[in-house]
2 protein chains.
Amino acid sequence: MKPTVHDIASRAGVSLATVDRVLNRRPGVSARTREKVDQAVSELGFVRDVAAANLAKGRVYPLTFIIPSNDNSFMRGLRLALEEARARAGVERIAIQLVDVPAFDAAALAAALKDAAAEEPAGIAFVAVDAPDVTEVAAEISQSGIPLVTLVSDLSGAARDHYAGIDNAAAGRTAASLLGRFAGGRAGKVAVLAGSMLVRDHRERCDAFAAAIAREFSSLALLPVLEGRDDPDVVERLVADLFAGRDDIVALYSLGAGNRGLVRALRRLPAGRRPVVVAHELTETMREALTAGLIDAVLNQDAGHEVRSAIRVLKAKADGLPVVADQERIRIDIFLKDNLP
Amino acid sequence: MKPTVHDIASRAGVSLATVDRVLNRRPGVSARTREKVDQAVSELGFVRDVAAANLAKGRVYPLTFIIPSNDNSFMRGLRLALEEARARAGVERIAIQLVDVPAFDAAALAAALKDAAAEEPAGIAFVAVDAPDVTEVAAEISQSGIPLVTLVSDLSGAARDHYAGIDNAAAGRTAASLLGRFAGGRAGKVAVLAGSMLVRDHRERCDAFAAAIAREFSSLALLPVLEGRDDPDVVERLVADLFAGRDDIVALYSLGAGNRGLVRALRRLPAGRRPVVVAHELTETMREALTAGLIDAVLNQDAGHEVRSAIRVLKAKADGLPVVADQERIRIDIFLKDNLP
DNA sequence: CTGTTAGCGCATTCAC
DNA sequence: GTGAATGCGCTAACAG
């Protein structure tokens, strides 16, 4: 049978309460007693039953998620994932509060963070805008002991406890490899379409992509980066204008959102002029575009995984428990028309 | 506050025991009382606290895993994943028994299944060899009420409750797309290297791959399939012989294991003759080969995910609970040198 | 500093 | 058919 606190107590010759104090590193135990208990624990190979502990504690973790009120499919997916997490809130002993902030707005985010922290939740997760005022507020909050996790896009500096998102440099390199090899040695221009260079995930993808193209595909030359603000209409206009002005574009990397506009613009291009296209996030639009052959590959991050991971990490940090980094790594999914789920 | 059994009891005007009988569909409750309880449950939106229930029950699920004693990295990874699952056995209330069987041996597998079933575990997971005698035994076991899950490779017919593995047809198609596009329009032969056509995962990958190549890359022609029995030495000899006999091979798809041998053979090929290569399973060998440029892409299935999923499903089936199919889908990971974890 | 005791939400005897 | 009482493994008052 698995040893319980009772076994530890009798083995160490102390009471349940004392065992509990030692296990939870609470004060008020003599070094000698503590040692006896620790020894009993390791001798019997005791591991505490977390479920029973939570049952007894009846603790709930109030968590705050700050999400940009950006209306694209990815953010909608993120919200959906949060709703699902809320549905499981009872079992997981969490209470999620969702806060909206304008997209790409550092000042608004900083203010929202401050407000959230004032309510002293057990943890805060937020999609970072990588700007000094945000970093500053984040540092303050972190100092005050509230665990902080960045979601999807990270914050420079060490002002957060964890980042729940993909390796965006790897994503950029992967996009470059796929796009370069799919282009099959053709020479020409490569267009890059971002949302905003203010968010770190976009910047990292872009830099890594550019570097990889330059390094490995010398016949391809990058055009200046276009910023579509993750807005379908803006994106559509940008792409349409781009292709109207020249005919040497062989490939396009869309590293942000708002790809509904991209697909609309691509669809109007004569088939012969359509570039090799790699984009991000497997939305319904992207799925159709892949099937139709308008898009060649989609890199995806699973919003559900990211939310669940953020929650696990925040809870662990709140309890002062270690995080298994390997288990919390968010993968880059690659989808072709052939492996759509 | 979340309603508990106490709330249900007082609301329905009955005792705790009666509520419990109704919740667990045990007999000995009048229709009238049952109705009152059911109503209280739905009115209060009661959901039972699984953790507390398990604590009270003290139930453990004895699970048996039957794994081929095949010494390749993937199977080693699978065993490792099982060890990790065992480490969490206490918390998850499971007790895993591991049974070894010779690889690709239908008779041995059938016998092992029979033995395992005789001990009446709460569930059995096994890597299927798709042969009639296995199907037959599986059907018997399934009839007897023991939940059955196939792992990594599936069984034809409906003689199992669930399959915890990737969509191998999608994997084959994906391999074809990557390989065809990476080959960049070059014309020539494509070699296919399998483990054994006796296991369904290999057959499915192979068929889907062949179909996709024929459909989409008319300049590529398939060579007869080679069977390496997932053995590095056999694989090395086969590949060496293959390339010694001809020089029109532009690509190679290795859909089985034993890729250590493949890499050895590739390494000895003059750089100019090296084909585009897509293989399966991200082992240490494959990681190095990707980095070195000997292999172009690796399709991977996460053994850890598969084991965890199998366990979740077996527990759910044992309790007669539904399985969220979507959540149990095992993804095909695609790795290039650029997104190695 | 240490021990006693009463739950957490649920399942399960054993009476009635 | 139904209910009261007890305990799963752990935590948290409250006493000493």
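On a predicted model such as this, the values are computed, not experimentally measured, just so you know. Chain A is the first sequence line, chain B the second, and so forth, proteins listed ahead of strands; every chain is numbered from 1.
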Please determine if [X] and [Y] form a salt bridge, counting it only when a charged side-chain N lies under 4.0 Å from a carboxylate O.
X: Asp20(B); Y: Arg26(B); answer: yes
X: Asp100(B); Y: Arg79(B); answer: yes
X: Asp302(B); Y: Arg331(A); answer: yes
X: Asp319(A); Y: Arg59(A); answer: yes
X: Arg32(A); Y: Glu35(A); answer: no

Starting at [atom1] of [X] and ending at [atom2] of [N], how long is that distance when rounded to a whole Å?
X: Ile8(A); N: dT11(D); atom1: CD1; atom2: P; answer: 12 Å
X: Asp7(B); N: dG9(C); atom1: CG; atom2: P; answer: 9 Å
X: Asp20(B); N: dT6(D); atom1: CG; atom2: C1'; answer: 14 Å
X: Phe46(A); N: dT11(D); atom1: CZ; atom2: C1'; answer: 12 Å
X: Leu16(B); N: dT13(C); atom1: CG; atom2: P; answer: 16 Å
X: Glu35(A); N: dT2(C); atom1: CD; atom2: P; answer: 13 Å
X: His6(A); N: dT4(C); atom1: NE2; atom2: C1'; answer: 12 Å

_Does Asp49(B) reach a base, just sugar-phosphate, or nothing at all? Heavy atoms under 4.0 Å._
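Here Asp49(B) touches the backbone only, sparing every base.
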*Which part of the nucleic acid does Val19(B) contact within heavy-atom distance under 4.0 Å: base, sugar-phosphate only, or nothing?*
nothing
Can you confirm whether more than 12 heavy atoms, excluding those of [X], are under 6.0 Å from its [atom1] atom?
X: Asp326(B); atom1: CG; answer: no
X: Glu120(A); atom1: CD; answer: no
X: Lys114(B); atom1: NZ; answer: no

_Any Ser15(A) side-chain N or O less than 4.0 Å from OP1/OP2 of dG3(C)_ = yes
*Are OP1 or OP2 of dG3(C) and a side-chain N or O of Thr18(A) less than 4.0 angstrom apart?*
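Yes, within the criterion.
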*Which parts of residues 21-33 of chain A get close to DNA chain C, meaning a heavy atom less than 4.0 angstrom away?*
Arg21(A), Gly28(A), Val29(A), Ser30(A), Thr33(A)
Please output the side-chain donor-acceptor pairs of residues 144-158 of chain B that fall under 3.5 Å, not counting sequence neighbours, one pair per line with the distance.
{"unit_1": "Ser144(B)", "atom_1": "OG", "unit_2": "Ile141(B)", "atom_2": "O", "d": "2.7"}
{"unit_1": "Thr150(B)", "atom_1": "OG1", "unit_2": "Asp154(B)", "atom_2": "OD1", "d": "2.8"}
{"unit_1": "Thr150(B)", "atom_1": "OG1", "unit_2": "His162(B)", "atom_2": "O", "d": "3.4"}
{"unit_1": "Ser153(B)", "atom_1": "OG", "unit_2": "Arg200(B)", "atom_2": "N", "d": "3.4"}
{"unit_1": "Ser153(B)", "atom_1": "OG", "unit_2": "Asp201(B)", "atom_2": "N", "d": "3.2"}
{"unit_1": "Ser153(B)", "atom_1": "OG", "unit_2": "Asp201(B)", "atom_2": "OD1", "d": "3.1"}
{"unit_1": "Asp154(B)", "atom_1": "OD1", "unit_2": "Arg160(B)", "atom_2": "NE", "d": "2.9"}
{"unit_1": "Asp154(B)", "atom_1": "OD2", "unit_2": "Arg160(B)", "atom_2": "NH2", "d": "2.7"}
{"unit_1": "Ser156(B)", "atom_1": "OG", "unit_2": "Asp130(B)", "atom_2": "OD1", "d": "3.3"}
{"unit_1": "Ser156(B)", "atom_1": "OG", "unit_2": "Asp130(B)", "atom_2": "OD2", "d": "2.5"}

_Any residue of residues 51-61 of chain B with a heavy atom less than 4.0 Å from an atom of DNA chain D_ = Leu55(B), Ala56(B)
